[in-house]
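Along the sequence shown, residues are numbered consecutively beginning with 1. Reckoned from all heavy atoms, side chains included, excluding hydrogens, waters and symmetry mates. Since the structure is predicted, the reported quantities are computational estimates derived from the model, not experimental observations.
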Amino acid sequence: MLQFLIKNKWRALFMLVLCTVIFLAMQHLLTPKKDLIVLQPDQFDPTLVDDSMLFVKKYHKVAPFQLINQNGDTITEKDYQGKIYVADFFFTTCPTICPTMTKNMTVLQEEFKDDDEVFFLSHSVTPEYDTPEILKAYALEKGVLDHKWNLVTGEKEQIYNLARKSYLAAKDAPYGGKYDMVHTENFVLIDKEGRLRSRTYDGTQMEEIEALIEDIYILKATYEE
């Protein structure tokens, strides 16, 4: 037997390599491919969805918008057309979850800082206070890269509608004034067509950020197929 193996070592090695390749190929074919579903308003926690959107089951996209960023530039949905981006809601004086959310968004920014497909968009829920000048100071303090990440302010009604009708990432403030809201820790993944994808991600949890990074790469790959 030993003499047979010595005499046929190259043939045996070839068969071993061939079997390994076949095994890996079969494993790849049998491994289910992760699918990032397109989210619709009826799939969300109803407390995050404006009443007018509760029963929308298809064709949901982020509505057109016009806001001002930390540099005083006008930012619209056209700046994000054909881009993958992560959106959230925050305010600069928030003492609780916002600092962690911002820190974790910088983790995403670092991961994709050289990627011209992936961008970030953070909306202030206190636009009456968060002027472009305030946002600029916050951006400099937190390490925001202007070419990757817009911190935006604007008309309170528009930001409210974006949060509750487009991104579905804020709750109504039960005792607040008109267009007041309670933002959540949610990060939302938006595809190149302006659709919400996969699920929401807890922006305060690093394991969720890691899952979001993985899903961004999966989403990027779907545009290469």
Query - Stepwise side chain to side chain contact (heavy atoms under 4.5 Å, CB included) check, Leu121 with Asp88 - result: CA-CA 7 Å; Leu121 180 60; Asp88 75 334; over 6 Å; no
Report task. Report yes if some heavy atom in the side chain of Asp172 is under 4.5 Å from a heavy atom in the side chain of Tyr160; otherwise report no. Result -> yes
Query raised in the report: Say you draw a straight line from CG of Asn150 to CD1 of Ile75; how long is it, rounded to the nearest 0.5 Å?
Result: 4.0 Å
Query raised in the report: Is there side-chain contact between His123 and Tyr167, with heavy atoms separated by less than 4.5 Å?
Result: yes
**Report entry** Lys156 NZ: over 12 foreign heavy atoms closer than 6.0 Å
**Finding:** yes
Report task. Mark yes when over 12 heavy atoms from residues, nucleotides or ligands other than Glu193 sit less than 6.0 Å from its CD; otherwise mark no. Result -> yes
Requested in this report: Apply side chain to side chain contact (heavy atoms under 4.5 Å, CB included) to Ile68 and Asp73, showing your working.
Outcome: CA-CA 5 Å; Ile68 305 298; Asp73 298 327; over 6 Å; no
Query raised in the report: Does some side-chain heavy atom of Arg199 sit less than 4.5 Å from a side-chain heavy atom of Leu189?
Result: no
Query raised in the report: If two hydrophobic side chains count as joined below 4.5 Å and joins carry through other members, does Tyr129 share a cluster with Leu162?
Result: no
Query - Minimum side-chain heavy-atom gap Phe44-Thr200 below 4.5 Å - result: yes
**Report entry** Pairwise side-chain contact, Met101 with Phe187, heavy-atom cut-off 4.5 Å (strictly under)
**Finding:** yes
Report task. Give me the ring orientation class for Phe65 and Tyr80: parallel if the planes are under 30° apart, tilted from 30 to 60°, perpendicular past 60°. Result -> tilted
Query - Electrostatic pair Arg197-Asp215, nearest N-O below 4.0 angstrom - result: no
Requested in this report: Please work out which of the three classes, parallel, tilted or perpendicular, describes the rings of Phe120 and Phe112, given edges at 30° and 60°.
Outcome: tilted
Requested in this report: Treat each ILVMFWY residue as a node, draw an edge where side-chain heavy atoms are under 4.5 Å apart, and state whether Ile190 and Ile209 are in one component.
Outcome: no
**Report entry** Non-hydrogen side-chain atoms of Ile213 and Leu108 separated by less than 4.5 Å
**Finding:** yes
Query raised in the report: Any cation-pi pair here, Lys192 with Tyr223, using under 6.0 Å and within 45°?
Result: yes
Query raised in the report: Is it true that atom NZ of Lys83 has more than 12 heavy atoms of other residues, nucleotides or ligands lying nearer than 6.0 Å?
Result: yes
Query raised in the report: Crowded around Tyr217 OH? As in, over 12 foreign heavy atoms under 6.0 Å?
Result: yes
Query - Interatomic spacing from CG in Asn186 to CD in Glu208 - rounded to 0.5 Å - result: 9.0 Å
Query raised in the report: Is a side-chain donor or acceptor of Glu77 paired with a backbone partner of Pro64 at a separation under 3.5 angstrom?
Result: no
Query - Contact check, side chains of Ile134 and Thr93, non-hydrogen atoms, under 4.5 Å - result: no
